[in-house]
Amino acid sequence: MSASTRVLFLAETVTLAHLARPIALARGLDPAGYDISIACDPRYQRFLADTPWRPLPLDSISSQQFLQALAQGKPVYDAKTLHRYVKDDLRLIDQIKPDVIVGDFRLSLSISARLTTIPYLTITNAYWSPYFAGHGFPLPVLPVSKALPLALAQSLFRMVQPLAFRLHCHPLNQVRKEHGLASLGNDLRRVYTDADHVLYADLPELFQMTVLPNTHHHLGPLLWSPPVALPAWWNDLPSDKPLVYLTLGSSGQIELLPTILSALADLPVTVIAASAGGLPDQPLPPNVRIADYLPGTEAAARSSLVICNGGSLTSQQALVAGVPVLGIASNMDQFLNLGAITAAGAGRLLRADRLDQASLHGAAADMLAASGYRSAAGRLATRFAQYRAEQRFAEIVQQVVAQRHSAAS
């Protein structure tokens, strides 16, 4: 592989997970053979400070704007934003002149990468695949789910979901049309997975698929922890109690943190919590140790239970270590991910819009006491261990580059 082989990663950093996965995959590319650039919003570039790759600024909408749109059931991007994104993408592509483009939730690459004809790979989750054999879409936390009984809200959601997906797809289809590209239709899963190659950061055993095209690939888990200094208490934790790792992530509802900590206060556990910068105002319970960020992979491996928002990154950190997951879900992505984990017996799901101290206390106590959750998580850990995501990614990139060179010769 020539040293001139250039790979450009573009991360839509509305959450940290969309940068974490490109970082995890970039580690699989030999620096002697690849020139790697990673573009992300400047607010997250500190996580690239000690890496050997070229960091590039790439504007993303704020996490607050992203989460607010999800909470209200509105399209995340309008046509104006996508037009700006396409211009930003093309500017970086022209600057780097990559041989391969890799995106993570950078939906505008469905346009910009195609305009350049450079091979485009997208990182996503299997439950967003048009080939996912799951049944229907669960009701996320929305104004209607808070105002109505869940059964009625779910029934209404099933009725309006096709229209909602159409509204979410419209801005990208509009911008594609203006650039002379065909519509992707009204299935949001096609919008999320439109690329030359689709990389699923999941186990096929968790998410059953119909027959996949040969351009769709299961990589397995993508693990990454932020390079942060360990808190002073990290090496001085009690050894006579199980640890519970708590993180709501960059897309979690940080306002739930006091409720969760109070629910765990009288359990015979030590809680190690990552607040992502949102420390509660009131005093912490005596059994809590907290920091802005923690090395999630290591924290999960030390714990007997992981409590999170149900996102795939933290869930995988837990399951790779054979630790069950208690997820407090808000958005569709979290519900879809947790649905598979709970079906496998390795976790439980609580709705953020129905959360109370009693239900959380009971769920955590039950999961710590019942061996079935740990056994199911251990079975998944065995399957996860058989995957080498970084190695598989490197093989795919090498194949894509070789095919491109062959077509050009």
Side-chain angles (χ1 to χ4, degrees), residues 66-76 125-130 132-169 186-189 191-192 202 206-210 248-249 251-260 262-264 305-312 314-315 324-367 370 372-373 376:
F66 172 73
L67 296 174
Q68 186 175 20
L70 292 183
Q72 297 175 353
K74 296 179 178 179
V76 174
N125 288 102
Y127 44 80
W128 285 118
S129 172
F132 176 44
H135 300 290
F137 293 93
L139 171 68
V141 172
L142 296 169
V144 67
S145 74
K146 300 176 181 178
L148 298 176
L150 279 180
L152 177 56
Q154 181 69 65
S155 179
L156 290 174
F157 178 73
R158 281 195 296 266
M159 294 172 58
V160 304
Q161 178 262 314
L163 175 60
F165 272 27
R166 181 179 303 175
L167 293 175
H168 280 265
C169 294
N186 297 318
D187 187 341
L188 189 60
R189 298 171 301 178
V191 167
Y192 282 2
D202 288 301
L206 276 177
F207 304 96
Q208 183 179 356
M209 297 283 194
T210 58
L248 296 179
S251 62
Q253 297 189 9
I254 199 64
E255 66 270 16
L256 297 177
L257 189 59
T259 299
I260 299 171
S262 296
L264 303 175
L305 177 66
V306 170
I307 301 177
C308 63
N309 62 18
S312 62
T314 302
S315 296
V325 177
L326 176 54
I328 304 169
S330 298
N331 64 48
M332 179 76 74
D333 188 273
Q334 296 158 0
F335 277 92
L336 289 169
N337 181 58
L338 284 169
I341 294 171
T342 57
R348 287 179 64 170
L349 186 158
L350 298 176
R351 295 186 62 92
D353 56 355
R354 295 294 192 276
L355 188 68
D356 57 54
Q357 289 189 28
S359 62
L360 179 58
H361 179 281
D366 180 53
M367 294 184 72
Y373 294 103

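What you see is a predicted model, and the numbers here were worked out from it, not measured in a lab.
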Would you find a donor on one side and an acceptor on the other, under 3.5 Å apart, between the side chain of Ser315 and the backbone of Gly311? yes
When rounded to the nearest 0.5 angstrom, what is the spacing between CG in Leu163 and NE2 in His168? 9.5 Å
Between Ile260 and Leu355, is any pair of side-chain heavy atoms under 4.5 Å apart? yes
Taking every heavy atom of Ala153 against every heavy atom of Val144, the minimum-distance pair comes out as CB-O, 3.7 Å
Within the side chain of Gln334, is there an N or O that forms a donor-acceptor pair under 3.5 Å with the backbone of Ser330? yes
Hey, are the side chains of Phe165 and Asn186 touching, using non-hydrogen atoms and a 4.5 Å cut-off? no
Would you give the length of the straight line joining atom CG of Leu256 to atom CG of Asn309, rounded to the nearest 0.5 angstrom? 10.0 Å
Test your reading of the model: is there a side-chain donor-acceptor pair from Ser262 to the backbone of Thr259, 3.5 Å cut-off? no
If only atom types and distance count, is the side chain of Arg166 paired as donor or acceptor with the main-chain N or O of Asp187 below 3.5 Å? no
Okay, side chain of Arg351, backbone of Leu139: is any donor-acceptor separation there less than 3.5 Å? yes
What is the distance from atom CG of Asp366 to atom CG of Leu305, rounded to the nearest 0.5 Å? 10.5 Å
Working to the nearest 0.5 angstrom, can you tell me the gap between Tyr127 OH and Asn337 CG? 4.5 Å
Rounded at 0.5 Å granularity, tell me how far CG in Leu188 sits from CG in Leu167. 11.0 Å
Taking it one step at a time, do Ser129 and Phe207 satisfy side chain to side chain contact (heavy atoms under 4.5 Å, CB included)? CA-CA 10 Å; Ser129 172; Phe207 304 96; over 6 Å; no
May I ask you to test the Asn125-Tyr192 pair for a side-chain heavy-atom distance under 4.5 Å? no
Between Ala69 and Pro75, what is the shortest heavy-atom contact and its length? CB-O, 4.0 Å
Of all the heavy-atom pairs spanning Tyr373 and Gly347, show the shortest one and how long it is. CE2-O, 3.9 Å
Answer yes or no: is there a donor N or O on one side and an acceptor on the other, between the side chain of Asn331 and the main chain of Asp333, under 3.5 Å? yes
What heavy-atom pair brings Ala364 and Leu264 nearest, and what distance separates the two atoms? CB-CD2, 3.9 Å
Test item: Thr342 side-chain N/O and Leu338 main-chain N/O as donor-acceptor pair under 3.5 Å: yes
On a heavy-atom basis, which atom in Phe157 and which in Phe137 lie closest, and how many Å separate them? CE2-O, 3.6 Å
Using side-chain heavy atoms (C-beta onward) and a distance below 4.5 Å, is Pro143 in contact with Lys146? no
In terms of heavy-atom contacts, Met332 and Trp128 come closest through CG-CH2, 3.6 Å
